[in-house]
Each structure stands twice: as C-alpha cells, then as structure tokens.
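In what follows, chains are A, B, ... by sequence order, proteins preceding strands, each numbered from 1.
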2 protein chains.
Amino acid sequence: MTTAAPPVSSSSSQPPAEAPTVQVISTHEAEKSQPTSVTACQMSQNVLATPRGAEAPSPSVYLSKRGNSIRQHQGTLQEGFVQYAANKYHVTDNPEGIINLGTSENKLCYDLLHARLTRPDMLYVEPSLLQYSDWTGRTFLREEVAKFLTHYCGSPKTLNADNVVVMNGCGSLFSCVAAVICDPKDAILIPTPFYGVITDDVDLYSDVKLFHVHLDCEVTIKDYRAFHLTVEKLEEGLTKAKQEVAVILMNPHNPLAEIYTPEEMIAFLEFAKRNDLHAIVDELYMLTVFDESVTFHSVLSLDSLPDPLRTHVMWGLSKDFAMSGIRAGTLYTENRELVEALAQLGCFHGIPGTVQHQVAQLLQDRAWIDNEFLPENRRRLKAAHSFLTGELRSMGIPFLDRPAALFVWADLREYLQESSFQEELNLWRCFLRHNVLLSCGQAFSCSTPGWFRIVFADQHLHLGGLTDLHQAAAWTHPS
Amino acid sequence: MTTAAPPVSSSSSQPPAEAPTVQVISTHEAEKSQPTSVTACQMSQNVLATPRGAEAPSPSVYLSKRGNSIRQHQGTLQEGFVQYAANKYHVTDNPEGIINLGTSENKLCYDLLHARLTRPDMLYVEPSLLQYSDWTGRTFLREEVAKFLTHYCGSPKTLNADNVVVMNGCGSLFSCVAAVICDPKDAILIPTPFYGVITDDVDLYSDVKLFHVHLDCEVTIKDYRAFHLTVEKLEEGLTKAKQEVAVILMNPHNPLAEIYTPEEMIAFLEFAKRNDLHAIVDELYMLTVFDESVTFHSVLSLDSLPDPLRTHVMWGLSKDFAMSGIRAGTLYTENRELVEALAQLGCFHGIPGTVQHQVAQLLQDRAWIDNEFLPENRRRLKAAHSFLTGELRSMGIPFLDRPAALFVWADLREYLQESSFQEELNLWRCFLRHNVLLSCGQAFSCSTPGWFRIVFADQHLHLGGLTDLHQAAAWTHPS
C-alpha cells in the first residue's frame with residue numbers, strides 16, 4: 001500500500017516515534033451502543049468480550065439467561081458513547097468535552113434541515129394519523145418512497161409502493177428480515193470490515209449469526225485494491241460457511257466508503273443467485289456521494305435483477321438526510337411473501353403517523369432536495385472530507401480516499417506497538433482519554449488491527465480535535 | 001347472571017328467535033392485526049388456526065420455517081381489519097362501509113387533540129432531536145414521564161426518570177420485557193379473557209408463551225362477580241403451569257373494563273412475590289375512567305410495592321390520549337438491571353426525537369390535560385358508553401357495566417346456535433358481512449364462547465351501525 005494515490009492515500013507513512021499502550025476497556029459502535037462481538041468466526045472475540053474485566057456486570061437474578069446475555073452487551077460496548085453523552089464537546093459550554101468522530105452522523109446541514117422541517121406543512125394532524133394503520137407503513141408514505149426510489153435510484157421502471165416496507169430504522173429492518181428469512185442459528189455471509197452493529201441487529205432478537213468473509217488491507221500485484229471485494233472471495237467464504245441463507249452487500253460501503261460499479265454489483269448478485277442466497281443490499285449512503293464526477297448506481301437502476309425475489313434493498317433517512325434521530329428506514333423487495341411476513345413484525349417497529357406524513361412531505365419536495373439540500377450538503381461534505389484528509393496527509397496517515405459516506409477509513413497501524421487488537425483498543429482508549437471518540441476496526445470485524453473509522457461530517461472546529469492525533473507520539477504509557 | 005345491575009347488566013335476556021350460522025373465516029384483534037392463537041393451553045386453537053382453509057397461504061420457499069410461521073399468522077387473522085381498511089365507513093363518502101367497533105381506539109376527541117397538537121410548541125426542531133440518543137428515551141422525555149406518573153398515579157414519592165423506559169408502543173415493551181426476563185419457551189401467567197395481541201407481543205420475537213388462568217363468566221353463590229380474578233385462581237393456575245416467570249395484570253382490564261381495588265392489586269402482587277414472579281402491570285387505561293365517583297388506583301400509588309424489583313408498570317398514550325398512531329409506550333420499574341437490558345433492545349423500538357419532544361410538551365401541559373382534555377374526554381366517553389349500553393339494554397343483551405376503558409364486554413351467547421367457538425366465529429363473520437366489525441371472545445382467549453368486545457368510543461352515528469344487531473334474528477343461514 002502506498003500513501004499518495006488511490007486506493008489508499010497519504011502524504012507520508014512515517015510512524016510516530018512512540019506508540020501508545022494505555023489500558024483499554026472497550027470499544028463500540030456508538031450509533032447503537034451495541035456489541036460488535038464476532039459470532040461466526042474466531043477473530044478477536046475474546047478481546048471484545050472481556051475488556052471491562054472486574055467492571056463487567058454480574059448476572060442479574062431478575063433476568064433470564066438470554067436477558068443477562070443481552071444486558072452484558074452493554075457493559076463492554078457502551079463505555080465510549082456513555083462517556084461522550086456525559087461529556088459532549090461544545091465550542092463555548094464545554095470546550096474540553098469529547099469530540100465524537102465515532103458516530104456516523106452528518107452534522108453539517110442542520111440549518112437546512114431546520115428551515116425545511118419547521119415549514120407549516122410539517123405541522124399536520126388528521127384523525128387517521130393518530131390511529132392504527134398498516135404496519136408496513138402508510139400507503140401515502142410507501143407511495144412517496146416508491147416514487148423517490150424510482151427517481152433517485154434511476155429505476156428503469158416505476159417502482160411499486162406495495163413492494164415498500166417502512167420501519168423505524170434500518171436496524172429494525174435487518175432484525176425483521178433476519179427473523180423471517182433465517183431460522184435461529186442460521187448465518188448470513190458478510191464481507192469484513194462492515195458496520196458492526198449489523199451483528200446485533202440480526203442477533204439480539206432473531207438469533208442469526210454473521211459469517212465473515214475477510215477482505216485484506218494489503219495490496220498485491222494480483223490485487224491492487226485494499227479491502228477488495230470479489231466474487232472469488234465470496235465463493236471461498238461460502239465454501240467454508242454452513243447454513244448460509246443470505247449475503248449482505250453495502251454500497252456505498254460502511255466503513256470503507258467504497259462505491260461498487262454496476263458490473264461488480266451484478267457479479268455479487270449473480271453469486272447470490274447461483275447459491276440461492278438472499279441478497280440484502282444496504283444503500284444507506286446512496287445520496288452521500290460528494291464528488292460530482294463519480295456516479296453511484298443503485299441495484300434498482302439495473303434493467304433486471306438477477307434474482308428479484310431474493311434481492312432486498314435498504315435505504316433510510318439517517319445518513320442521506322442527516323436524520324438518524326427521526327428513525328425511518330425503507331426496504332424495497334419484489335418478494336410479496338417477504339413483505340407479508342415483515343408486516344407481522346411491523347407492529348414492533350412502527351413510526352408515528354405524523355412523522356410518516358413529514359417524511360412523505362420531505363421526499364416529495366424535489367425542489368428542496370435538488371436545489372437546496374443535496375448540492376449544499378455535497379459541497380459541505382466535500383469540504384469537510386478535504387479538511388480531514390488534509391489533516392491525515394499532514395500527519396502521514398494512510399487512508400482510503402473515497403468521495404462517499406461520512407467517514408474515512410484510516411490506517412493507524414503505525415501507531416500500534418504491536419499488531420494486535422488489544423493494542424488497537426489501547427489506541428482507541430488513548431484517543432478517548434484525549435477526548436476524541438473514534439471507531440476502531442475491531443468494531444467492524446476488520447481482520448487486521450490498526451484501522452479506524454473517522455467521521456468527518458462535523459463542523460471544522462470539531463474536526464480540529466483530530467489534530468490531537470499529532471500528539472499521539474507523545475502520549476505516555478499509563479502507570 | 002342477571003340483567004339489570006352490575007356486574008352484568010341488560011334489560012332483557014330474551015334470545016332472538018333465530019341465530020345466525022354463516023360460514024366464518026377468521027377473527028382478529030385489529031390493533032395489531034396479529035394472531036390470537038392459544039399457545040399454552042388447549043382452548044380453541046384449532047378453530048383459529050384453520051378457518052381460512054384453502055385460502056391459507058402455502059409455505060414460501062423464500063422464507064425460513066420461522067418466517068413462514070410468522071407469515072401464516074397474517075392469513076388467518078387479518079381478514080377483518082383488511083376488509084375494514086379497504087372499506088371504511090364514512091358518513092358521506094362511504095355510508096355502506098364497515099363500522100369498526102373492534103379496534104380499541106378513542107375517536108371522540110380528535111378536535112381537542114388537533115387543537116393541541118398543532119400549537120406552535122409542537123413544531124420544534126433542534127440538532128440533538130435529529131441525532132442518535134439514549135435508546136430508553138431521551139432524558140427530557142423520561143423526566144416528564146416520571147413527573148406525569150408521579151402526579152396521575154398518585155405516587156407517594158417522586159418517581160425517578162432513570163426508572164422510566166419509553167418505546168414505540170406497549171407492544172414493543174411487552175416484546176422486550178419478555179425477551180429479557182424469559183428464555184425461549186418460558187411462559188407467563190395471564191388470566192383470561194385478556195387483550196389477545198399480548199400473545200404475539202411476547203411470542204413473535206421472543207418465543208415466550210402465555211399460560212392461561214381461565215376466569216368464569218358464570219356467577220355463583222360463592223362468587224358473585226363474572227370473570228372474577230382472585231388470588232386463589234392465580235395460585236391454582238400456577239400449580240398447573242411450568243416454567244412461569246411472570247404474571248400479567250391489567251388494570252383497568254382489557255376486555256373486561258374491570259377496575260381492581262388497591263387491596264385486590266396488593267393481593268395479586270403478594271401472590272407474585274410469594275412465587276418469585278415478575279408482575280407486569282398494564283395500566284394503559286388508567287385515565288380512561290369516566291364515572292367521577294369511581295377512583296382508579298395505580299399500583300404506583302401504593303406506599304410500598306410488595307416486590308418492587310419484580311414489578312413493572314406499563315402505560316402509554318394510545319388509549320388515555322387517543323393516539324395509538326403516535327406509538328409511545330412507557331415502562332416504570334425500579335429494577336435497573338432490567339432497564340439496562342431493555343436499553344440494548346431499545347434500538348429496535350426508537351421514537352423520533354421530534355415526537356419525543358411533542359410527547360413531553362403534551363405531558364407537561366397540565367392546564368390542557370386537566371381543564372380541557374380529560375374532563376371533556378370523560379364526558380364524551382360517558383355519553384358514548386351510555387348510548388351503547390342503552391342500545392344493548394334495548395336489545396336485551398347482557399354486558400359488564402363498568403365505567404372504564406373504551407369498550408363493553410357483552411354476552412351474545414343467546415345468538416349462538418350452539419356453544420362453540422366455531423359458532424362464535426360464525427356470528428363474528430355475520431356481523432362483518434353486515435359491515436360491523438367486532439372482536440369476539442376467542443380473540444381474548446375467553447373460555448366460554450359467545451362474548452364480544454364492543455368499542456363505544458366513536459361517533460354516535462357510527463355506533464348506530466350496531467343497531468344492525470337488531471337484525472341478527474333475521475339473518476339467514478348461507479347457502
């Protein structure tokens with residue numbers, strides 16, 4: 001891997017003189033404050049399962065075995081977010097607080113959102129919105145989602161509202177889909193690194209495991225792309241796996257920010273079809289591509305899907321519309337039997353009727369989306385990305401240079417004293433002690449220690465905190 | 001059972017000359033469009049599981065065994081609500097449509113709600129509301145819920161916001177609580193009849209069963225109250241049960257509308273304590289008591305709970321504030337270990353930040369609640385209840401006369417040709433064919449066929465549809 005050019009970019013790869021080894025406690029994916037333990041492969045589970053040591057809560061006599069297991073997740077994984085929540089950075093009120101570069105949220109466009117979300121059309125109540133309704137989402141919302149996806153995914157045909165399911169977040173959709181396409185203990189294939197919360201999305205309720213296909217960070221003569229996903233690797237993973245019924249594909253990818261071409265996606269979907277696997281395609285960042293010369297292609301833009309009844313496309317407002325707190329995720333699938341099954345679980349994942357109205361209003365406001373929000377959002381994301389990557393270059397930190405998503409996948413291996421996940425956690429904790437919350441590779445089941453996801457979609461002042469990284473070389477070992 | 005006075009009231013018990021026996025297909029509890037099959041006892045399951053006959057969907061090759069099982073629920077139980085949703089009664093637009101007296105919703109106070117929910121304080125957005133937060137509910141909301149419950153439950157001490165969990169509906173809370181206090185296949189004790197959707201709330205995701213304690217509709221010299229819940233019956237049920245870890249208590253009761261005294265509730269809670277059972281206390285209708293001479297006592301009003309760490313009190317906005325479409329349920333428990341475990345599952349049951357703000361605004365507006373909403377709501381409920389019960393009396397239909405909740409539990413046994421659940425479903429379907437949707441006793445696991453829950457909290461014009469019951473005697477058998 002080199003440092004100057006794509007796929008991995010950095011102006012210098014010199015390691016700091018001294019790497020930190022402070023004691024670590026835990027890591028987490030802050031979005032869900034959920035565990036990231038590796039369930040279907042051997043990697044690194046012990047490190048994640050034990051870091052709290054004596055602090056781990058003892059089993060509660062009031063909870064079942066399952067309940068205690070669910071609760072234990074909290075002890076090892078919420079520490080970072082809990083610390084952040086209790087000590088949030090604020091430019092004037094708490095300038096010594098924790099800067100959160102760990103949670104994938106877009107905090108750059110609040111002014112635009114506030115202006116839109118406080119327009120009079122958002123304050124609308126009618127009787128039916130206060131009453132029970134279709135658990136897959138109200139018809140008017142599913143129709144707007146279908147129109148929206150038809151347009152922004154570039155679908156050659158008009159997408160059908162009956163194929164849309166709307167729930168309170170994509171985590172809920174992952175949970176439901178896992179519950180109805182898998183039986184307990186079944187497994188789903190997923191390339192690593194990946195957004196680690198999915199592990200819990202499919203496991204906590206539905207008892208479904210992930211089987212990891214590890215992508216390598218090293219480039220070779222044969223394979224010039226770091227973390228290169230190929231059909232061969234999927235095929236190889238599948239031969240090792242058992243009971244797989246599905247594969248999860250992310251485009252743009254989290255945490256790599258990789259954008260796959262239509263040809264690549266078709267190949268992955270053909271792989272799924274050959275093996276009778278459901279393909280769950282996560283396109284949560286589809287509109288978060290901030291280089292106008294780069295085009296994202298949704299699988300819904302394909303003239304025909306290789307296996308339409310086993311292809312299920314996820315999207316939501318959390319990332320592309322910077323509204324993770326609004327809780328709205330969508331699934332598009334032509335499989336009506338799947339939709340019927342999801343409808344049964346939808347009662348646990350309902351969205352308020354009034355918010356369904358608001359989301360529909362937003363999605364149909366093409367003037368605002370196309371003329372106000374998207375161009376300005378892209379401009380700000382691009383500037384923030386440039387700022388962060390400039391900082392990384394100045395520090396000699398290699399990273400994947402991709403014009404998508406809200407984060408950069410950065411290579412801090414040079415800051416580890418030795419190549420271990422314990423050391424990675426040490427570094428993660430060291431950052432936290434210096435009031436910078438990042439997400440370490442282990443939370444994404446990365447096979448190589450030392451990679452971190454750094455979110456750039458925040459004010460530049462906040463990002464300034466990242467320059468604490470400059471101090472890493474000076475950080476000393478704890479007593 | 002007599003007809004004039006509590007516990008069961010009717011002006012006449014004369015049966016109609018002829019009872020209907022049309023072919024039935026299904027029954028349902030419309031709120032969730034979920035199944036009501038009886039899982040842990042022998043009662044009536046076959047009737048519910050089979051009525052669609054050839055119409056039952058065949059297993060899907062795209063779904064797992066679990067997924068097919070979940071989907072099958074839909075086939076047998078959603079028919080009524082699907083028919084209603086496709087053909088809703090409207091006074092001018094669709095006067096021949098289906099009148100829904102089956103779904104427990106309060107449709108009497110939309111004008112009051114609209115006026116409050118469109119005030120400017122409801123259109124409020126700030127950055128944090130659009131971002132991820134505490135999955136047990138935002139602090140400002142949990143604080144308002146704690147204050148609200150302290151006041152309206154008459155708690156002798158100030159309730160603690162840290163003991164509050166807020167999720168998108170009480171169905172979600174039932175699902176989560178079952179998941180963390182029970183292991184798969186464990187069972188929870190519940191007196192019947194009961195709000196049948198709970199069967200699925202605890203089963204669909206969490207694989208927890210209900211063990212029924214049947215209450216008898218007949219009064220005796222020894223027991224003058226129909227469907228009388230006593231500690232003796234709970235104890236007797238427990239001796240027959242296995243693996244019970246909890247008991248569900250409802251007050252006011254659904255579907256009986258029974259209000260239990262503090263002494264009764266203490267006795268039930270002492271029973272739970274003696275047997276190391278969690279007590280899940282559902283007080284969803286606590287403010288829906290419309291006779292000012294009757295006082296409801298929350299268990300949170302007790303000076304001390306018998307077993308506070310195993311007592312978990314549920315409330316929500318769906319019934320008392322007529323907002324089932326807003327999806328907001330609350331749990332109060334002093335068991336912090338339970339709260340920690342629920343926090344892990346909360347990511348699947350999140351409420352939009354903006355709606356959390358709205359709910360908090362509503363709950364803190366005591367002037368509106370005390371001076372506008374509650375008195376007028378009670379007045380309208382009382383009038384609607386009087387109207388319905390007057391109709392029932394004029395038809396000679398016995399019923400439980402209780403000044404609470406949104407429905408009346410009515411005895412239509414005289415309309416059955418024979419005492420069977422098949423006949424009860426026949427009658428339910430006969431009503432539906434005449435565009436009146438009710439909920440039949442089997443949906444509540446009632447042990448005696450012929451009881452129906454009739455919702456009165458709708459406009460009088462709608463209730464007029466109930467007079468179709470007058471025609472029951474004239475309905476003919478199908479060919």
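- In this structure, the portion of B:Asn335 lying under 4.5 Å from any heavy atom of chain A is its side chain and not its backbone.
- Checked by atom type and distance alone, the side chain of B:His114 never pairs as donor or acceptor with a backbone atom of A:Pro127 at under 3.5 Å.
- Interface remark: B:Ser318 contributes side-chain atoms only to the contact with chain A (heavy atom separation under 4.5 Å).
- Nearest approach of B:Asp183 to A:Arg66, heavy atoms of both residues: OD1-N, 2.7 Å.
- The most heavy-atom pairs under 4.5 Å with chain A, out of B:Leu129, B:Asn106, B:Leu338, B:Leu309, come from B:Leu309.
- Contacts with chain B were tallied for A:Gly169, A:Ser206, A:Ala322, A:Ser128; A:Ser206 has the most, counting heavy-atom pairs under 4.5 Å.
- No donor-acceptor pair under 3.5 Å is formed between the side chain of B:Glu337 and the backbone N or O of A:Leu63.
- Nearest heavy atoms, B:Ser64 versus A:Cys182: OG-O, 2.9 Å.
- Looking at B:Tyr110, only its side chain comes within 4.5 Å of chain A, counting heavy atoms on both sides.
- Residues B:Tyr62 and A:His278 approach most closely at O-NE2, 2.8 Å, considering heavy atoms.
- Among A:Met323, A:Gln131, A:Glu126, A:Gln358, the residue making the largest number of heavy-atom pairs under 4.5 Å with chain B is A:Gln131.
- Across all their heavy atoms, A:Cys347 and B:Ser172 have their closest contact at O-OG, 4.4 Å.
- Contact of B:Ala115 with chain A is not made at all, since no heavy-atom distance falls under 4.5 Å.
- Residue B:Leu317: no heavy atom, backbone or side chain, is found under 4.5 Å from chain A.
- Contact annotation for B:Leu123: both backbone and side-chain heavy atoms come within less than 4.5 Å of a heavy atom of chain A.
- Scanning all heavy atoms of the two residues, the minimum distance from B:Leu204 to A:Gln344 falls at CD1-O, 3.6 Å.
- Closest approach of B:Tyr132 and A:Arg327 over heavy atoms only: CE2-NH1, 3.8 Å.
- Under the 30°/60° scheme for interplanar angles, the aromatic rings of B:His349 and A:His349 are found to lie parallel.
- No other option in A:Ala179, A:Cys176, A:Ala328, A:Gly350 has as many heavy-atom pairs under 4.5 Å with chain B as A:Ala179.
- With sequence neighbours excluded, the residues forming a side-chain contact (heavy atoms from CB on, under 4.5 Å) with A:Gln356 are A:Arg138, A:Phe140, A:Leu141, A:Ile351, listed by chain and number.
- Top candidate by heavy-atom pairs under 4.5 Å with chain B, chosen from A:Ser175, A:Gly353, A:Pro120, is A:Ser175.
- For a residue to count as touching a neighbouring chain, one of its non-hydrogen atoms must lie under 4.5 Å from one of that chain's; by this rule A:Ile181 touches chain B with backbone and side chain alike.
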> Given the rule in the side-chain contact (heavy atoms from CB on, under 4.5 Å) test, do B:Phe348 and A:Asp201 qualify, once you have shown the distances and angles that lead to the verdict?
Replying inline: CA-CA 8 Å; B:Phe348 302 120; A:Asp201 287 342; 3.7 Å; yes
> Checking side-chain contact (heavy atoms from CB on, under 4.5 Å) for the pair B:Val125/A:Leu113: CA distance, chi angles, key distance, verdict?
Replying inline: CA-CA 9 Å; B:Val125 180; A:Leu113 294 170; over 6 Å; no
> Between A:Leu130 and B:Leu117, does a side-chain contact (heavy atoms from CB on, under 4.5 Å) hold up when you go through it step by step?
Replying inline: CA-CA 11 Å; A:Leu130 302 183; B:Leu117 295 176; 4.0 Å; yes
